[in-house]
Amino acid sequence: MFVRTVEPAFYDTDALGHINNTRLPAWFELARNDLFKLFTPDLDTKKWRLMLARIDVEYRAELFYGHDVEIRTYLSRLGNSSFTVTQEAHQNGVMAGIGNAIMIYYDHQEKRSIPIEGELRDTLTAHLRDEPSA
């Protein structure tokens, strides 16, 4: 599991006084960088081998300015050429949101998926989890 801490900025808030719902998907994407580096260590987009197929976010509690948000990132499924990244947002001991991103290991020039094999599969397997955190 990868863990990143996000410090909400004032501009992340909305008129209701909590973190705007558009920020959580952006924070989840930022936290996926740790996983992206397993595929492309220097994050060079000319060597990029991933494609985003789907995202979903479930909001469970409000997030607030002035308190750090911990983003936990892990795999909940590993297929032949795709995998599901599950991410949780925790603030003050409460899981405030959970999301999933389905990613495809992909050759952009050939326009086809690539099997996840060998050392890469082993590395990804180490980040598999079944259950969300409490």
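Both backbone and side-chain heavy atoms feed into the values below; hydrogens, waters and symmetry mates do not. Counting begins at 1 with the first residue of the sequence.
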Can you tell me which residue pairs pass the side-chain hydrogen bond (donor to acceptor under 3.5 Å, both in side chains) test with a partner in residues 23-38, sequence neighbours excluded?
-> Arg4-Asp34, Asp12-Arg23, Arg32-Gln87
Identify the heavy atoms of Ser81 and Ile114 that sit nearest to each other, and give their distance.
-> CB-O, 3.0 Å
Report the residues that fulfil ring pair (Phe, Tyr, Trp, His ring centres under 6.0 Å) with Tyr105, sequence neighbours left out, ordered by chain and then residue number.
-> Phe39
Rounded to the nearest 0.5 angstrom, the CG-CG distance for Leu128 and Leu78 is 5.5 Å
Distance col, row Leu43:CG vs Phe36:CZ, nearest 0.5 angstrom, shows 8.5 Å
Would you confirm whether His18, through its side chain, and Tyr65, through its main-chain N or O, come within 3.5 Å as a donor-acceptor pair?
-> no
Kindly check if the number of other-residue, nucleotide or ligand heavy atoms within 6.0 Å of CZ (Arg54) is above 12?
-> no
CD1 of Ile19 to CG of Asp14: how many Å apart, nearest 0.5 Å?
-> 8.0 Å
Interatomic distance, CG@Leu63 vs OG1@Thr13, rounded to 0.5 Å, equals 12.0 Å
Would you check if the side chain of Glu70 reaches a backbone N or O of Ala89 as a donor-acceptor pair within less than 3.5 Å?
-> no
Look at the side chain of Ser82 and the backbone N and O of Gly79, then say whether any donor-acceptor pair between them is shorter than 3.5 Å.
-> no
CG-CG distance between Asp68 and Asn92, expressed to the nearest 0.5 angstrom | 9.0 Å
Under the side-chain contact (heavy atoms from CB on, under 4.5 Å) test, residues paired with Glu119 that sit two or more places apart = Thr123
Rounded to the nearest 0.5 Å, what's the gap from CD on Glu88 to CE on Met95? Could you check?
-> 4.5 Å
Within the side chain of His127, is there an N or O that forms a donor-acceptor pair under 3.5 Å with the backbone of Met1?
-> yes
